[in-house]
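Heads up, the thing below is written out as structure tokens.
What you see below is based on every heavy atom in this structure, not just the backbone, and it leaves out hydrogens, waters and symmetry mates.
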Amino acid sequence: MEILADVLVALVAALHVYILVMEMFLWQKKPGMSFHGFAPEMARATAAMAANQGLYNGFLAAGLVWGLVAGDPTGFRVQVFFLVCVIVAGVYGAVTANVRILAAQALPGALALAAVLAAR
């Protein structure tokens, strides 16, 4: 079960690295505009905001990687903390921005959290 938990945490971290790249570096390019469905004008107007969001997603990914490489009990605690942050951010995003965020962010975080807790 510990291997499954580690794989799920790593996948959630990878997801947040992907979001970082889309929001910080590709926002005004075709992949980034397709990511959120924005026209070039909207992408240009929201680029600074998106880069800030991307940076926060990078912090989530970094925290999850830290949790994977740190020994217990720190690694376990860090994973739980950052997975809860991912879930809260996903729920908030679903309520305030787009309901798809619930499935794209909160659900993977919740599955990884359940695996981490079950492996303990």
Side-chain angles (χ1 to χ4, degrees):
M1 189 60 155
E2 189 172 331
I3 293 172
L4 175 62
D6 287 348
V7 167
L8 291 176
V9 171
L11 287 173
V12 173
L15 170 66
H16 285 275
V17 169
Y18 171 75
I19 295 169
L20 172 147
V21 170
M22 291 304 248
E23 292 179 339
M24 291 190 79
F25 304 111
L26 300 177
W27 190 257
Q28 295 184 68
K29 295 178 174 38
K30 188 172 181 165
M33 288 187 287
S34 297
F35 187 66
H36 285 291
F38 286 164
E41 302 79 34
M42 179 63 94
R44 205 170 14 264
T46 59
M49 177 202 64
N52 190 27
Q53 288 176 182
L55 184 62
Y56 283 100
N57 279 288
F59 291 144
L60 292 173
L64 292 170
V65 170
W66 174 29
L68 286 170
V69 300
D72 283 335
T74 301
F76 170 76
R77 292 174 181 161
V78 169
Q79 287 180 36
V80 169
F81 173 79
F82 280 96
L83 288 169
V84 169
C85 289
V86 166
I87 295 164
V88 170
V91 170
Y92 185 79
V95 170
T96 61
N98 189 323
V99 73
R100 293 181 310 162
I101 298 171
L102 195 61
Q105 183 175 1
L107 180 60
L111 293 173
L113 179 60
V116 166
L117 294 174
R120 183 73 175 185

Pairs meeting criterion side-chain hydrogen bond (donor to acceptor under 3.5 Å, both in side chains) with involvement of residues 38-49, two or more places apart
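Non-adjacent pairs meeting side-chain hydrogen bond (donor to acceptor under 3.5 Å, both in side chains): Trp27-Thr46.
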Tell me whether [X] shares a hydrophobic cluster with [Y], the cluster being built from Ile, Leu, Val, Met, Phe, Trp, Tyr side chains joined at under 4.5 Å.
X: Val86; Y: Leu117; value: yes
X: Met1; Y: Val9; value: no
X: Val17; Y: Val7; value: no
X: Val84; Y: Val116; value: yes
X: Phe81; Y: Leu83; value: yes

So Tyr56 and Leu60, side chain to side chain contact (heavy atoms under 4.5 Å, CB included) or not? Walk me through it.
CA-CA 6 Å; Tyr56 283 100; Leu60 292 173; 5.9 Å; no
For Met49, does the CE atom have more than 12 heavy-atom neighbours from other residues, nucleotides or ligands under 6.0 Å away?
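Above 12, so yes.
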State, with a plain yes or no, whether a side-chain heavy atom of Val91 is found less than 4.5 Å away from one of Leu102.
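When only atoms from C-beta onward are counted, Leu102 and Val91 do touch, with a gap below 4.5 Å.
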Measure the shortest side-chain to side-chain distance between Leu64 and Leu68 over non-hydrogen atoms and say whether it is less than 4.5 angstrom.
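A side-chain contact under 4.5 Å is absent here.
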Heavy-atom closest contact ([X] atom, [Y] atom, distance):
X: Thr74; Y: Ala70; result: CG2-CB, 4.3 Å
X: Ala43; Y: Gln28; result: O-CG, 3.8 Å
X: Ala5; Y: Ala119; result: CB-CB, 4.2 Å

Between [atom1] of [X] and [atom2] of [Y], what distance do you get to the nearest 0.5 Å?
X: Ile87; Y: Leu111; atom1: CD1; atom2: CG; result: 9.0 Å
X: Gln53; Y: Met24; atom1: CD; atom2: CE; result: 11.5 Å
X: Phe82; Y: Leu113; atom1: CZ; atom2: CG; result: 13.5 Å
X: Met33; Y: Met22; atom1: CE; atom2: CE; result: 10.5 Å

Output all residues satisfying side-chain contact (heavy atoms from CB on, under 4.5 Å) with Ile19, sequence neighbours left out; order by chain, then residue number.
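For Ile19, the residues satisfying side-chain contact (heavy atoms from CB on, under 4.5 Å) (neighbours in sequence not counted) are Leu15, His16, Glu23, Phe35, Asn57.
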